[in-house]
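The structure appears right after this line, and notes come after that.
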Amino acid sequence: MSPVRRCSRTACGRPAVATLTYVYADSTAVLGPLATYAEPHCYDLCSEHSERLTAPRGWEVVRLAVDAGPPRPSGDDLEALANAVREAARTPRRDPSAAAPSDAVGGPEGRDSDPMEVARRGHLRVLRSPEQ
């Protein structure tokens, strides 16, 4: 299976850049940016077919801005990534060869190091409720 979504039109193998959705109740065809996931009742179209799109008589076509360039990470994405790296750097590293008693789920020794963390397995943590 190809990671690139293709145009839904028959015999067209170009990569999709836009998604077409019909709103039957309003007699409207909405053409917008490529949807994050392929939806069953939507149609992915290449740039040529999205430009030539026409709707049936009496229908309205709503065209949303389509960015033809490759997707770029937003400032929020980069900030979230930087925050995750900073948080990982602040977490104290334990010696994996030493069997820490806090690795046992529910062990009382694990509660001394962090009042909320009960156990840790790799990057996963088991937390207890604050009211306990």
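What you see below is based on every heavy atom in this structure, not just the backbone, and it leaves out hydrogens, waters and symmetry mates.
Between C12 and R6, the closest side-chain pair of non-hydrogen atoms is not below 4.5 Å. Side-chain contact between L64 and V30 is present, with at least one heavy-atom pair separated by less than 4.5 Å. The shortest side-chain heavy-atom distance between T54 and V61 does not fall under the 4.5 Å cut-off.
Annotation for A29 and L20: closest pair CB-CD1, 4.0 Å, computed over non-hydrogen atoms. Contact detail for V17 and S50: the closest heavy-atom pair is CG2-OG, 4.4 Å.
Residue pairs meeting the salt bridge (charged side-chain N to carboxylate O under 4.0 Å, His left out) criterion with at least one partner in residues 20-33, sequence neighbours excluded, are absent.
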Throw together a table of side-chain donor-acceptor distances under 3.5 angstrom for residues 36-48, partners on residues two or more places apart or in other chains.
unit_1 : atom_1 : unit_2 : atom_2 : d
D44    : OD1    : R5     : NH2    : 3.1
D44    : OD1    : T19    : OG1    : 3.2
D44    : OD2    : R5     : NE     : 2.8
D44    : OD2    : R5     : NH2    : 3.1
E48    : OE1    : R14    : NH2    : 3.1
E48    : OE2    : R52    : NH1    : 3.2

